[in-house]
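What follows is one structure encoded as structure tokens, with my remarks underneath.
As the structure is a prediction and not an experimental result, all values here were calculated from the model. What's counted below: heavy atoms across the whole structure, side chains too, no hydrogens, waters or symmetry copies.
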Amino acid sequence: MKKLIILLPAIAFILHSCELEKNPYEQISVDELFSDPESIETATIGNYALLKGDKGFDGWVDDLHRISEYAGDNVSLSGGTTDHLFFLYNYQSIKTNSRVERFWRNSYKIAVGCNVIIEKIVEGESVETDQLLGENYYLRALTYFQMGNVFGRPYNQGASNLSIPLKLTSDITDRPDRQTIEQVYAQVINDLEKAEALMTVNKGASFASKEAAQALLSRVYLYKEDNIRAEEYADKVIASGNYALLSTDQFSKMNTLIPDQNKEAIFAVTLSSATDLLGGSDDWYTIGSFYANVEGKGWGEMYASRTYLDLIEKNPDDARKSFIEPQPEKDSDQNEFPAVYWVNDAYAYEFRRTTESGGITTFEDNGNTYTVESEIVDGKTVYYFNGTGGRQDVIKGVDLKKRNGHPKFYILKASLQENDIHLWSPMVSRLAEMYLNKAESLAKRGADQLALDNINIIRERAGIPTYTLANVPIGKTILDVVLEERRLELAYEGHRRYDVYRNGRTMNRKYPGTHLNGTNAFLEIPSTHPRVVEFIPEQQIILQPSLIQND
């Protein structure tokens with residue numbers, strides 16, 4: 001990917017000036033730019049470059065992650081911030097959100113760059129040019145699919161609802177209005193099918209490929225609730241033999257691998273330690289820097305949510321726990337402090353340091369001494385004490401460092417690639433998702449055992465017990481456990497917000513975090529709520545008054 005960085009300034013200047021309404025390629029004639037296959041490749045790499053931005057933390061994928069992940073239930077913010085990401089997290093949406101506006105602009109820069117190539121390349125002239133043409137169809141489809149998720153409602157809430165404008169030309173006078181969700185899905189599918197047919201060269205996970213198109217088609221059809229086709233395309237990727245799940249040990253260190261070292265990576269927006277985050281302060285502005293402070297670098301202000309921790313801690317040996325790093329308090333000799341903790345009725349953490357004597361664990365609170373009891377429930381040890389308000393279940397562990405009362409459960413999934421502190425290549429598609437897509441599609445068609453078979457592949461790799469029809473937790477459907485597994489496996493990869501709402505479920509945020517601050521806090525967000533989608537950026541409405549704003 002070094003070549004990408006070298007070429008970025010020229011391509012960005014030639015193909016992608018600041019606003020959509022300006023000529024994006026007025027500095028050089030298009031015919032001259034596409035005079036040979038090498039120029040086509042150069043222009044295509046420029047489109048890839050826009051996914052990650054000039055600095056590795058200011059591009060399309062960075063804002064997409066924050067828009068997609070912060071509105072989910074896997075994260076807990078420990079304070080306020082003047083950054084507009086705060087409005088993504090607490091659902092207090094504003095029409096002038098700078099991150100949403102930049103995502104919109106960058107999306108159309110990518111789309112227009114792809115359109116230029118799609119218009120100029122003659123299909124069928126060579127394997128090389130067909131491959132590059134297919135890559136641009138894929139990039140346009142990816143861009144419009146994710147834009148549709150951000151600005152358009154879930155497909156099952158009405159295919160006639162408005163989604164995004166589909167700009168399919170490089171003509172600067174072409175300013176389409178918003179199309180329907182049905183039209184956007186149809187265009188995305190058409191582009192991906194075209195990409196699938198054209199691409200015959202697999203250049204690794206840093207570039208689009210036939211399998212990348214198939215993987216995204218599987219997700220598109222899943223979101224569209226065409227479950228048979230979602231499974232069909234997932235099977236195509238699995239059957240290709242080009243990918244394999246990492247071993248349990250490798251998976252627990254997946255965040256340290258570059259995409260081309262990760263044999264389950266299908267497509268990722270690749271950053272490199274040799275070419276990205278080279279500035280002295282760059283590590284403070286990445287996705288990972290907000291999740292963790294590593295070696296003194298990073299804000300470390302947004303942590304794993306209590307409900308995500310409760311889910312993953314059901315199985316102490318779950319390999320996915322390696323992506324969460326609690327930060328214990330220590331004395332001068334580096335000894336930790338035994339403690340119990342819980343979340344009270346006001347959704348705030350309570351910590352009490354404990355002492356052990358004669359095998360009995362106790363703690364002091366307001367002059368009273370409480371004994372920590374235990375019992376076995378469903379084969380697991382549960383801890384509790386009997387207080388003045390009755391029984392209180394607790395977690396037995398150690399005292400943790402806190403920020404504004406929020407214990408620090410650092411998220412490392414977006415850090416430590418190549419042991420570079422906050423370097424990370426955001427994953428677009430990987431093999432694990434294909435098994436989860438299959439499982440969900442099968443569960444929705446009543447094929448319960450087959451659905452469990454597919455999530456068991458993921459659970460076995462995670463090193464945790466598998467499910468049978470007989471041991472599915474009481475009160476849960478097969479779809480419930482499939483979606484739980486999807487939450488565990490794909491956490492912090494930008495899926496959760498859409499997985500909840502497209503399934504008609506309510507986002508439950510009854511856990512500690514600054515999303516609860518203020519008088520208009522959102523503890524639960526139903527899938528029909530207006531803020532399931534973002535506002536169209538106000539600046540775009542000013543530039544194009546015919547655009548209809550979201551409610």
- prompt: Yes or no on salt bridge (charged side-chain N to carboxylate O under 4.0 Å, His left out) for Arg306 and Glu313, after CA distance, side-chain angles and deciding distance?
  reply: CA-CA 10 Å; Arg306 186 67 253 164; Glu313 287 171 0; 3.0 Å; yes

task: Test Asn520 against Gln92 for side-chain contact (heavy atoms from CB on, under 4.5 Å), laying out the working first.
output: CA-CA 9 Å; Asn520 191 30; Gln92 307 291 340; 3.8 Å; yes

Charged N to carboxylate O under 4.0 angstrom, [X] versus [Y]?
X	Y	value
Arg505	Asp499	no
Arg445	Glu231	yes
Arg497	Glu69	no
Asp310	Lys314	no
Arg66	Asp62	yes
Glu325	Lys408	no
Lys236	Glu211	no
Arg320	Asp318	yes
Arg509	Glu524	no
Arg229	Glu232	yes

- prompt: Between Trp60 and His65, does the ring centre distance come in under 6.0 Å?
  reply: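 Aromatic pair excluded; centres sit 6.0 Å or further apart.
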
Flag for [Y]-[X]: side-chain donor and acceptor within less than 3.5 Å:
X	Y	answer
Asn503	Lys444	yes
Asn550	Arg178	yes
His422	Ser415	yes
Asn149	Gln146	yes
Asn74	Arg487	yes
Gln539	Glu101	no
Tyr155	Glu182	yes
Arg102	Ser107	no
Ser546	Asp177	yes
Asn517	Thr514	no
Ser305	Ser76	no
Asn136	Asn47	yes

Do [X] and [Y] touch side chain to side chain, with heavy atoms closer than 4.5 Å?
X	Y	value
His84	Ser98	yes
Glu433	Met427	no
Leu412	Tyr291	no
Val237	Ser218	no
Leu88	Glu534	yes
Leu162	Phe151	no
Gln540	Gln544	no

What orientation do [X] and [Y] show, parallel under 30°, tilted 30 to 60°, or perpendicular over 60°?
X	Y	result
Tyr89	Phe86	parallel
Tyr349	Tyr341	tilted
Tyr48	Phe267	tilted

- prompt: Would Glu135 and Met199 satisfy side-chain contact (heavy atoms from CB on, under 4.5 Å), going step by step from the backbone distance to the final call?
  reply: CA-CA 7 Å; Glu135 290 177 36; Met199 292 189 287; 3.7 Å; yes

field: For Tyr308, the option from Tyr303, Tyr511, Tyr492 that meets ring-ring contact (aromatic ring centres under 6.0 Å, His included)
entry: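 Only match with Tyr308 under ring-ring contact (aromatic ring centres under 6.0 Å, His included): Tyr492.
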
query: Above 12 or not: heavy atoms from other molecules or residues under 6.0 Å from CD1 of Ile548?
result: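 Atom CD1 in Ile548 is not packed in, count stays at 12 or less.
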
query: Between Leu490 and Leu436, is a side-chain contact (heavy atoms from CB on, under 4.5 Å) present by the stated rule, with each step listed?
result: CA-CA 10 Å; Leu490 301 179; Leu436 292 164; 4.0 Å; yes

Pairwise salt bridge (charged side-chain N to carboxylate O under 4.0 Å, His left out) hits with a residue in residues 452-466, at least two apart: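 For residues 452-466: Glu264-Arg461, Arg459-Glu485, Arg461-Glu489.
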
Verdict with reasoning, Leu246 to Asn262, per side-chain contact (heavy atoms from CB on, under 4.5 Å): CA-CA 7 Å; Leu246 296 169; Asn262 183 346; 3.4 Å; yes

Against the six-membered ring of [Y], is [X] placed for a cation-pi contact (under 6.0 Å from the centre, within 45° of the normal)?
X	Y	result
Lys413	Phe323	yes
Arg391	Tyr384	yes
Arg140	Phe145	no

Under 3.5 Å: donor-acceptor pair, side chain of Tyr144, backbone of Lys167: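 Pair found, side chain donor or acceptor close to backbone of Lys167.
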
task: Spell out, as yes or no, whether a donor-acceptor pair under 3.5 Å connects the side chain of Ser252 to the backbone of Asp249.
output: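 Yes, because the side chain of Ser252 sits within donor-acceptor range (under 3.5 Å) of the backbone of Asp249.
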
